[in-house]
Amino acid sequence: MALVSIFLEILRKPTAGDVLSELMIFIAPLWVAVIVGVLVGWAWKPKWANIDLNSIKSQFPSCISWTSDDGVQTDSFASPPTLDSNSSSSQISKGKTSFVTNEDLEHLCNLVEEKDGGPAWIHMMDCSTKTMYYQAWQRDLEAGPTEYRSRTVFEDAGPDMVRDFFWDDRFRPNWDKMLASVATMEECPTTGTMVVHWLRKFPFFCSDREYVIGRRIWESGRSYYCVTKGVPYASVPRKNTPRRVDVYYSSWCIRAVESRKGDGQVTACEVLLFHHEDMGIPWKIAKLAVRQGMWGTVNKIDPGLRAYQKERASGVLSRCAFMAQINTKVSADYLRSFESKSNESSDLETHNSSEKPSGNNIPKLLVVGGAIALACSLDRGLLTKAAIFGVARKFANIGRKL
């Protein structure tokens, strides 16, 4: 009703010129707000918005053929990538051992101990079968994709076997049906570090994704810290399709724990998983897809592990499983040193935040103060002033977030 009354007030002006000038004055700030919104939105557009229509059209045939091939991989993505001529060996050279470093181990340890300085984890689900118990959490950061944390306890399984199971790319397609092809790019016989190339199939509405993953395992007692993450790798050229996932992190802490059977025996294995990736789709849609499909995916892991145990009992050992047994030994004291460093860092951050100057509020005061001066200088009606204050408040909020 206020808007209608303002329009009526403008229309009662004595001349058409006065009506036009009044309309222009209070409409101008609205147009400024629209233009600013478009510019800001374009500057902060997500990566997935850069996909052009032609690339989307080119992705549909492969997706549709996948849904109708009855599980037979016949597309061009099923073959491993070829290395450039510059790569003469599949063994990681001494100068390229930095794919996965001790800093990655430190980060994983801080995640395990919940001392990484990130926001609190939000509980998602508790599910179980006769031989597996599963819990999951999630959290959203100020920037980047949603992070997930899970705790899985497998009954009647040792940490060595579970370590090999998750590392064994040859066996993984038996339980991970999204994995279309795997190729080992490089490996280090000293540290066990590997660089692998994955192609993963997605439902028909989403194109396939390509991953170049660096991975390495550290051992402390019978606990294993397994880091896998996306790494830059020039020997696999980047293509329009399949789309490469650069932001990828999926790491585990695997250790023996007491069985949930209540017999007091340490015959179970606990896996703490930390995972996030940016697949190039809106994060809200990705979160919904994860929530809907999480248990269905996890529920396939336990039967896969039992089948893997049987295969290993027959004496079969793949190259990837062999590489999983080459790892870096670290002491418990070394891991505890990460915890003390994390405590010192958190204390320093708390001290700095208590001394944080209030200078960040100065831009907000300037914006709002300027808006007041402008609004008071224009005696042009209520709507004009309201629009000015609205635009100023938006700019002030943006400045406060930066």
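Nothing fancy with the numbering, it's 1 onward along the sequence.
Within the structure, salt bridge (Lys or Arg N to Asp or Glu O under 4.0 Å) contacts touching residues 282-298 (residues at least two apart or in different chains) are Asp140-Lys287. Legend: salt bridge (Lys or Arg N to Asp or Glu O under 4.0 Å) pairs involving residues 128-138, not counting sequence neighbours: none detected.
A pairwise comparison of heavy atoms in Arg306 and Thr131 identifies NH2-O, 3.2 Å as the closest pair. The two residues Arg151 and Trp137 make their nearest non-hydrogen contact at N-CZ3, 3.9 Å. What you find for Ser251 and Thr228 is that their closest heavy atoms are OG-N, 3.3 Å. Minimum heavy-atom separation, Pro145 to Glu277: CB-O, 3.4 Å. Of all the heavy atoms in Phe99 and Pro232, the pair that sits closest is CE2-O, 4.0 Å. Between Glu155 and Ala268 the shortest heavy-atom distance is OE1-CB, 3.9 Å.
No hydrogens or angles considered: nothing links the side chains of Tyr225 and Glu219 as a donor-acceptor pair under 3.5 Å. No side-chain donor-acceptor contact under 3.5 Å links Tyr308 and Asn174. For Ser207 and Arg209, the side-chain atoms include at least one donor-acceptor pair closer than 3.5 Å. Side-chain N/O atoms of His197 and Glu210 include a donor and acceptor closer than 3.5 Å. Residues Thr146 and Arg139 bring no donor and acceptor atom of their side chains to less than 3.5 Å of each other. No side-chain donor-acceptor contact under 3.5 Å links Trp175 and Asp302.
Ser259 places a side-chain N or O within 3.5 Å of a backbone atom of Lys261 that can act as its donor or acceptor partner. Looking only at distances, a side-chain donor or acceptor of Arg216 sits under 3.5 Å from a matching main-chain atom of Val100. Formation of a donor-acceptor pair under 3.5 Å by the Thr184 side chain with backbone atoms of Glu186 is not found in this model. At least one donor-acceptor pair closer than 3.5 Å links the side chain of Arg172 to the backbone N or O of Phe166. The backbone N or O of Phe171 lies less than 3.5 Å from a partner atom in the side chain of Asp168, making a donor-acceptor pair. When atom types are taken as modelled, the side chain of Thr129 and the backbone of Met132 share a donor-acceptor pair closer than 3.5 angstrom. Panel note: side chain Ser314, backbone Glu311; a donor-acceptor pair is recorded below 3.5 Å.
Ring-centre distance between Trp218 and Tyr224: not below the 6.0 Å cut-off.
Aromatic ring orientation, Tyr249 versus His276: parallel (interplanar angle below 30°, classes split at 30° and 60°). Classified by interplanar angle (parallel below 30°, tilted 30° to 60°, perpendicular above 60°), the ring pair Trp167/Trp252 is perpendicular.
Between Asp104 and Lys229 there is a salt bridge, since at least one side-chain N of the basic residue sits less than 4.0 Å from a carboxylate O of the acidic one. Between Lys239 and Asp208 no salt bridge is recorded (no basic side-chain N to carboxylate O distance below 4.0 Å).
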Would you please test Asp169 and Arg215 for salt bridge (Lys or Arg N to Asp or Glu O under 4.0 Å) and show each step? CA-CA 12 Å; Asp169 288 342; Arg215 61 192 194 186; 3.0 Å; yes

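Legend: residues meeting side chain to side chain contact (heavy atoms under 4.5 Å, CB included) with Met178, ordered by chain and number and at least two apart, are Asp176, Arg200, Phe202. The side chain to side chain contact (heavy atoms under 4.5 Å, CB included) test applied to Thr190 returns Cys188, not counting sequence neighbours. For Ala256, the side chain to side chain contact (heavy atoms under 4.5 Å, CB included) criterion is met by Pro159, Val266, not counting sequence neighbours. For Glu113, the salt bridge (charged side-chain N to carboxylate O under 4.0 Å, His left out) criterion is met by no residue, not counting sequence neighbours.
A cation-pi arrangement, defined by a distance under 6.0 Å to the six-membered ring centre and an angle within 45 degrees of its axis, is present between Arg260 and Tyr133.
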